[in-house]
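Residue numbers begin at 1 in each chain, while the letters A, B, ... track the order of the sequences.
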Amino acid sequence: MDYGKERVVALVDMDCFYVQVEQRLNPSLKNTPCVVAQYKTWKGGGIIAVSYEARAHGVTRNMWADDAKKLCPDLQVARVRESHGKADLTHYREASVQVFEVMSRFAVLERASIDEAYMDLTAAVQQRLKSMTDQQVDPQLMKTSHVQGYPLSPLDQEGAAQDTTTDKEERRSRGLLQWLSSVSGGSGCAELQLALGAVIVEEMRAAVEQHTGYRCSAGISHNKVLAKLACGLNKPNRQTLLPLGSVPELFNSLPIGKIRNLGGKLGASITETLEVENMGELTRFSQAQLEQHFGDKTG
DNA sequence: CATTTACTGCTT
DNA sequence: AAGCAGTAA
């Protein structure tokens, strides 16, 4: 029993990384709607990174800079360096190395891309468990952590009417406290291990910002797919714990294409073959059925 | 020309 | 080693 809970895995993803690199290089870009674009001649260049201020205006990746300017007249455009007529990403690779150097102090990393890394925190969590006197985790050590599925919906609870005016930080904090108080004490408790993993990731992210100036988001769960999914739930500059108990409700309304590697043709073939839309509906099929259709790459 | 670039797994 | 399909940012 408890299959799938034996590891603590995190995914750290830099927020609009190329934009942050350009903002550090040119501080006047900080806290502004801005993008990074490559090549200038065709429609102002193609956008490959977008600040969150610019996203609020509807600016997206893959947009031409000239088109983005129509949506956001104050948009500032940083240019990717060019060498030999080609886009040269050296600056971002060097920034990436700096980030990875800091994160490597905390755990062994698996580089997923120039701005993303997976890490297995199981051993580091076990270390902390040993050197822990009580079985409680201080919520003060989880100041940017969200727990997916918490606070529990009032409908599942008794009575109280939904409070639609609650502030985001208020909700985050309430959910965190509610979840922490529901985490039982045992040293084999998977939820306690996730909490300790989140504390480690809080420290890692703070160190990355202190030493490089770059901010990131993170997901903490029991495997890479769930960690990646969790990371995307609260961005930017936040981290999300995804306990296994919160997965069924999350999957109920989660399009299959939101899962890593199912965003393309494979996901579309699943939707078509099985006539399902959301991840939750996949539980209606046995692993043998899934393998028959899609090979042994289903877990 | 008008996404582009990078990475992974598989095949040749 | 090199090319191709698939995937993602």
Problem - Span that lies between the P atom of dC1(B) and that of dA9(C), in whole angstrom - result: 30 Å
Handout entry: Side chain of Trp42(A) - closest among dA2(B), dT5(B), dA9(C)
Key = dA2(B)
Handout entry: Sugar-phosphate, base or nothing in reach of Ala49(A), heavy atoms under 4.0 Å
Key = nothing
Fill in the blank from the handout: Between CZ of Arg111(A) and C1' of dA6(B) the distance, given in whole Å, is 9 Å
Problem - Rounded interatomic separation in angstrom, taking CE from Met63(A) and C1' from dA9(C) - result: 15 Å
Completion exercise
From the candidates dT5(B), dT7(C), dA9(C), the one with an atom nearest any side-chain atom of Glu116(A) is dA9(C)
Exercise for the section: Verify the contact: side-chain N or O of Arg61(A) to OP1 or OP2 of dT4(B), cut-off strictly under 4.0 Å; return yes or no. Expected result: no
Handout entry: Thr271(A) side chain to Glu277(A) side chain, donor-acceptor N/O pair below 3.5 angstrom
Key = no
Exercise for the section: Go through the N and O atoms of the side chain of Asn261(A) and the base of dT7(C), and report whether any donor-acceptor pair is under 3.5 Å. Expected result: no
Practice task
Determine: side-chain N/O of Lys258(A) to OP1/OP2 of dA8(C), distance under 4.0 Å, yes or no.
Solution key: no
Exercise for the section: Using a heavy-atom cut-off of under 4.0 Å over every strand shown, decide if Leu89(A) touches base, sugar-phosphate, or nothing. Expected result: sugar-phosphate
Problem - Integer-rounded Å distance: dT5(B) P and Arg81(A) CZ - result: 15 Å
Fill in the blank from the handout: Note: Val99(A) and Phe17(A) closest approach over all heavy atoms is CG2-CE1, 4.4 Å
Handout entry: Asn278(A) side chain vs Gly280(A) backbone, donor-acceptor pair below 3.5 Å
Key = no
Problem - Separation between the C1' atoms of dT3(B) and dT7(C), rounded to whole Å - result: 15 Å
Practice task
Nearest whole angstrom, please: distance from the P of dT3(B) to the NZ of Lys86(A).
Solution key: 15 Å
Exercise for the section: Nearest whole angstrom, please: distance from the P of dT5(B) to the CZ of Arg93(A). Expected result: 11 Å
Problem - Spacing of SG belonging to Cys34(A) relative to OH belonging to Tyr18(A), to within rounding of 0.5 Å - result: 15.0 Å
Exercise for the section: Quick one: label Gly46(A) by what it contacts on the DNA or RNA (base, sugar-phosphate, nothing), any heavy atom closer than 4.0 Å. Expected result: nothing
Problem - Nearest to side-chain heavy atoms of Lys265(A), which nucleotide of dT5(B), dC7(B), dG6(C) - result: dG6(C)
Practice task
Would you indicate which nucleotide in dT5(B), dT7(C), dA9(C) comes nearest to any side-chain atom of Asp115(A)?
Solution key: dA9(C)
Practice task
May I have the step-by-step check of salt bridge (Lys or Arg N to Asp or Glu O under 4.0 Å) for Glu169(A) and Arg172(A), ending in yes or no?
Solution key: CA-CA 5 Å; Glu169(A) 168 53 22; Arg172(A) 180 203 71 82; 2.8 Å; yes
Practice task
Would you mind reading off the distance between Met14(A) atom CE and dA9(C) atom C1', rounded to a whole angstrom?
Solution key: 15 Å
Problem - Interatomic distance, Glu82(A) CD vs dT5(B) P [rounded to whole Å] - result: 9 Å
Completion exercise
Per atom distances to the Tyr39(A) side chain, the nearest of dA9(C), dT4(B), dA2(B) is dT4(B)
Exercise for the section: Using atom CG of Asp66(A) as one end and atom P of dA2(B) as the other, report the distance to the nearest whole Å. Expected result: 18 Å
Completion exercise
Applying side-chain hydrogen bond (donor to acceptor under 3.5 Å, both in side chains) to Asp67(A) and not counting sequence neighbours gives Lys70(A)
Practice task
Report which part of the nucleic acid Phe17(A) touches: base, sugar-phosphate, or nothing (heavy-atom distance under 4.0 Å, all strands).
Solution key: nothing
